[in-house]
Amino acid sequence: MRQSELEALLKDMSLQEKADQLLQLNGTFYTGELDEIATGPIMEMGLKSEDICQAGSILGTYGAERLKEIQKKYMEKQPHHIPMLFMMDVIHGMKTIFPMPLAMGAAFDPSVAYTAAEIAAKEASVSGLHVTFSPMADLVRDARWGRVMESTGEDAYMNSLYTAAQVKGFQGDSGNLREKYKVASCVKHFAAYGGAEAGRDYNTVELSEQTLREYYLRSYQAGIDAGVALVMTSFNTVNGVPASVNTWLMREVLRKEMGFEGVLISDYAAIEETICHGVSEDKADAAEKALKAGVDIDMMTSCYSGHLAGLIRGGKLEEGILDEAVMRVLQLKNKLGLFENPYKDADPEEEKRWILCEEHRKAARDAACKTFVLLKNERDSDGTALLPLKKGKRTAFIGPYVENQELLSSWAVTGSKEDCVTIRNAAEAVLGEEAVFACGCPIFGNDMEIPSFNGNIRCDVSEAERKGMLEDALKKASEAEQVVLCLGEHSAQSGEAASRTMLDIPEIQMELFREIYRVNQNIVVVLFSGRPLDLREISRKARTVLEVWFPGTEGGNAILDVLTGVQSPSGKLPMSFPYCVAQEPLHYDHYNTGRPNPNGRVEKFRSRYLDAPNEPLYPFGYGLTYTEFSLSEVRLDREQMEADGMIAASVIMKNEGTVFGTETAQMYIRDLTASVVRPVRQLKGIQKVSLMPGESRTVSFEITREQLQFMASDGKEVLESGRFAVYIGTDSTTENCAEFVLI
Ligand code: BGC
C-alpha cells in the first residue's frame, strides 16, 4: 500500500477500531471459539468480543496452519479487513534451538549470532510469525539477575555488535521485511532493565543519566542504527518513572535523540502495572500516560482498548496521538507486505522442509562448539591434560545432565526438549564401549521448588532412590580412568523472574561432586548454567572445567565434539565469574576509585574487602584453548594521533603448541586522564585468530576517534586530547600495553 492509501484507511477507521489496532492479546483468545472464552479472559479483562476480533496483533502462538486460519477468520471480522500481526519470543531459535544468548556472547563473534538469527527467522516465518521479541540488548552487570542469560554480557561494545548482528539476521541485510524468510525484530527492554537493584527481577533501576547514556543506551542505539522495526519498553522505572509511561525517555531520548521511528510496544502488561508502581490512578490514567509517552502497542492489557476512545471523547487525549500510534502499526504491517499477502511465509510444507533440518542442526552444533569456555585444564607432570579425551581410556560420564534433554534454557518456549541430543546419545555414538554412564543425583534435591513457565518444578526422588543413584555413580567412577561430571543449575533457575542470591550449584550435586572426588580425582566438570556461578570449590578440585551454558538442541553432539578435540574450545567469558556472590554487581570496566587496591594488598584505607579479593575468579574475556598462544608486545604505528587521524595497534600471535587452536585477540583502551572518570579499560576490538601449530600472524586493530570519544558530564559526546593506554591480550586482565597521545 502507498502511504496515501494507509492514510485513507486510517481516516475511515472508527475510534474504537483504532484503539484496538493497538491491542495485543495472547493466542489463548484465538485458539478456542470466541463464545467458549467469553466468560473467561474477556470477562476478566473487560474486553468485548468485537475488540478481540479487531485486535491489531497476537503474541505467543505459532504454526502455519493455525495462524493462517486465525488470520483468515479475523480478517473477515475486522471492519476494514486489516490483517493481524503475529508476534512471539523467538529468542535463540524457533525449533532448532541455538545456545542461549549469553553463550552466544561467549563466542566473541557476532557472526555466530547473525547466523542463528537468520535460521530462527526462517523457521519462524514459515511457522506464520511476523515479529520476534528479540534481541534483548540490556546491559547486565549483576549475575544474580536471572535474565543475564538472555543478554550477551557485561560489555556495551560487545552487546552493540551482537544487537546489530541479530537485528540484521532476523530482518535481512537489506531490511526489506517483505523478503522471504525474514521477520521484524524487536529490541528490548528499553531502558536499562538489566540495572535492577540487587539483581532482583522487575526491581527499581537507579542510574545517573551519565551512566544510562554512556553504558546502557549504547546497544539499543546499535539496534536502531541497524534498522530494527520495533522497540519494547521495560518493566522498571527510569529516573523514578516507569519506562512505559516515561515521556522523557520515550519521546525525547528514544524518538528524538536516538532516532527511532518504528513501533514501540509495551512489555507484557507493563502499562497496567504502572498502577502498582503508584504513578497511575487506574487503567484509564495508565492508558493516557502511556499513549502520551508514545507507546504504540499495549501488550496484554485492556488499558488502551477499554479507555482510549473514551479519553479522546472526553477531551483528555488528542485523536492525533492515537492516529500517530495506529499509523506506525499499519506501516509495520505494510512493510511486512501483509496487506497484499496476510499470510506472508506461513506454509506447512516449508515448515516440514526447514524446521530442524540437517542444515539448521549443523549450524546449531557449530555455534554451540564456539560458545563453550574452557575455564581450567590442568596439565600433569608429563604435560598432559584431561581434555581433549584420549582414545582408549575408560571414561565415566556422571551427573544429572548426562541423560537430561533439558538443554534449551528457560527462554526457548517454541523449542521441544524431545528434539535435544543428550550427552549420552552423543558419547555412545563416539566413544562406544569406552564410556559408561550414571546419573548420580537429580538436578536439585527435595529441599527446593522452582517456579517455571509450566508450573512449579519439584524433585520427587526418594532417599532410597537417591542412595542407589549415588552408589551406581561411585562404582562407575572408581572403575574408570577419568570422570566427566555433568553438573549445573536447572534451566528454570535462570531467565525471567529467576533471580538468585546464591550463585551456587544445587547442594545435592555438590555432594555428588565431593563423593566422586573421593574415589577418582581425574575429573572434568562439564558445567551447565544460565549465568556466572561461584565456582571456587569446583575450580579448586576438578582438574578441568568446561562451561557449556545451555547449549541448545545439538548440545550433546557439540559437547562431545569439544571433549574429544574434534573442535577446539575457543569461547571467552562474556561476564565475569565472581569469586563470591557478594562482589556483585561486577564488571571489568569499573572505575579506578581514588584508593584502588592493585595486586590484592592487605592495607587499611583501600577500596577492598577484608574477606575476599576485588577480582573475579575468572575475568571477562577469559577462556583457554587446547594449545598455547604467545603474543608479542603491542606495537603502535605512531605515538601521536590527530583528532581525525588513525593509529594502528598490532601484536604478533603465535600458536606455540602442538594442536590447532583459535584465540581471541582483544583490544582494550584506557583514557588515562579525562574530564570525567573513565573506566580502567574498555573493550574496543575483537578478532578471532585460528592458527596451526607453529604458525604466527600479525593482528592489527585500527584506533579512530570513535573508540576514544565518551559522554561528558553535559551528556554530549566529546573527544579530549591526552594520553591513552592500548592493551592487547587474550582476556581483560592483560598488561600487554602501549601508550599514545591524542593531540
Ligand atoms: C518479557 C518479554 C517478553 C514478553 C512477551 C515479558 O514477560 O519481559 O521479554 O518479550 O513477556 O512474551
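This structure is a prediction, so every number in the text was calculated from the model and none was measured. Every number for a ligand or one of its atoms is a count from 1 in the order of the listing.
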Engineer: Measure from the ring center of His92 to the ring center of Phe98 and say whether it is less than 6.0 Å.
Structural biologist: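 No - the distance between ring centres of His92 and Phe98 does not fall below the 6.0 Å cut-off.
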Engineer: In terms of residue, atom name and distance, what is the protein heavy atom nearest to atom 11 (O) of ligand 1?
Structural biologist: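 I find the closest protein heavy atom is Asp267 OD1, 3.5 Å.
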Engineer: Considering the heavy atoms of Arg147, write down every atom of ligand 1 situated less than 4.0 Å from one of them.
Structural biologist: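 Within the 4.0 Å cut-off of Arg147, ligand 1 contributes 1 (C), 2 (C), 8 (O), 9 (O).
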Engineer: Of the backbone atoms (N, CA, C, O) and the side-chain heavy atoms from C-beta on, which set of Met87 has a member under 4.0 Å from an atom of ligand 1: side chain, backbone, both, or neither?
Structural biologist: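 Neither; no heavy atom under 4.0 Å.
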Engineer: Would one find an N or O of Trp411, backbone or side chain, under 3.5 Å from an N or O of ligand 1?
Structural biologist: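 In this structure, Trp411 places no N or O atom under 3.5 Å from an N or O of ligand 1.
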Engineer: Output yes when the distance from some N or O of ligand 1 to some N or O of Glu150 is under 3.5 Å, and no in every other case.
Structural biologist: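 So ligand 1 has no N or O lying under 3.5 Å from an N or O of Glu150.
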Engineer: Which residue holds the protein heavy atom closest to atom 3 (C) of ligand 1, what is that atom called, and what is the gap in Å?
Structural biologist: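 Scanning the protein heavy atoms, the shortest distance from atom 3 (C) of ligand 1 goes to Asp89 OD1, 3.2 Å.
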Engineer: Quick one: does Met232 get a heavy atom under 4.0 Å from ligand 1?
Structural biologist: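 It does, in that a heavy atom of Met232 comes within the 4.0 Å cut-off of ligand 1.
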Engineer: Can you report which non-hydrogen protein atom sits closest to atom 9 (O) of ligand 1, along with the distance?
Structural biologist: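 Going by distance alone, atom 9 (O) of ligand 1 is nearest to His189 NE2, 2.7 Å.
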Engineer: Tell me, yes or no, whether the heavy-atom count around Lys48 atom NZ, taken from other residues, nucleotides or ligands under 6.0 Å, exceeds 12.
Structural biologist: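 Check fails, neighbour count at 12 or below.
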Engineer: Give a yes or no on whether a salt bridge exists between Asp347 and Lys122, defined as a side-chain N under 4.0 angstrom from a carboxylate O.
Structural biologist: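 So Asp347 does not pair with Lys122 through a salt bridge.
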Engineer: In ligand 1, which numbered atoms sit nearer than 4.0 Å to a non-hydrogen atom of Leu59?
Structural biologist: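 Ligand 1 atoms under the 4.0 Å threshold to Leu59: 5 (C), 12 (O).
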Engineer: Taking the basic N atoms (NZ, or NE/NH1/NH2) and the acidic carboxylate oxygens, is any pair closer than 4.0 Å for Glu69 and Lys73?
Structural biologist: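 No, no charged N to carboxylate O under 4.0 Å.
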Engineer: Anything under 30° is parallel, anything over 60° is perpendicular, the rest tilted; go ahead and classify Tyr193 against Trp145.
Structural biologist: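 The rings of Tyr193 and Trp145 stand perpendicular, inter-plane angle above 60°.
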Engineer: Based purely on interatomic distance, does Lys188 place a nitrogen or oxygen under 3.5 Å from a nitrogen or oxygen of ligand 1?
Structural biologist: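 It does: an N or O of Lys188 is found under 3.5 Å from an N or O of ligand 1.
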Engineer: Less than 6.0 angstrom from the centroid, inside 45 degrees of the normal: does Arg458 satisfy that with respect to the ring of Phe444?
Structural biologist: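 So Arg458 doesn't make the cation-pi contact.
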Engineer: Going by the salt bridge (charged side-chain N to carboxylate O under 4.0 Å, His left out) test, name the single residue among Asp89, Asp138, Asp267 that passes it with Lys188.
Structural biologist: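 When salt bridge (charged side-chain N to carboxylate O under 4.0 Å, His left out) is applied between Lys188 and each of Asp89, Asp138, Asp267, only Asp89 qualifies.
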Engineer: If you measure from the Lys or Arg side-chain nitrogens to the Asp or Glu carboxylate oxygens, is any gap between Glu150 and Arg531 under 4.0 Å?
Structural biologist: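 No, this pair does not count.
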Engineer: Under 4.0 Å, counting heavy atoms only: does Met136 come that close to any atom of ligand 1?
Structural biologist: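 Judged by the 4.0 Å heavy-atom criterion, Met136 does not count as contacting ligand 1.
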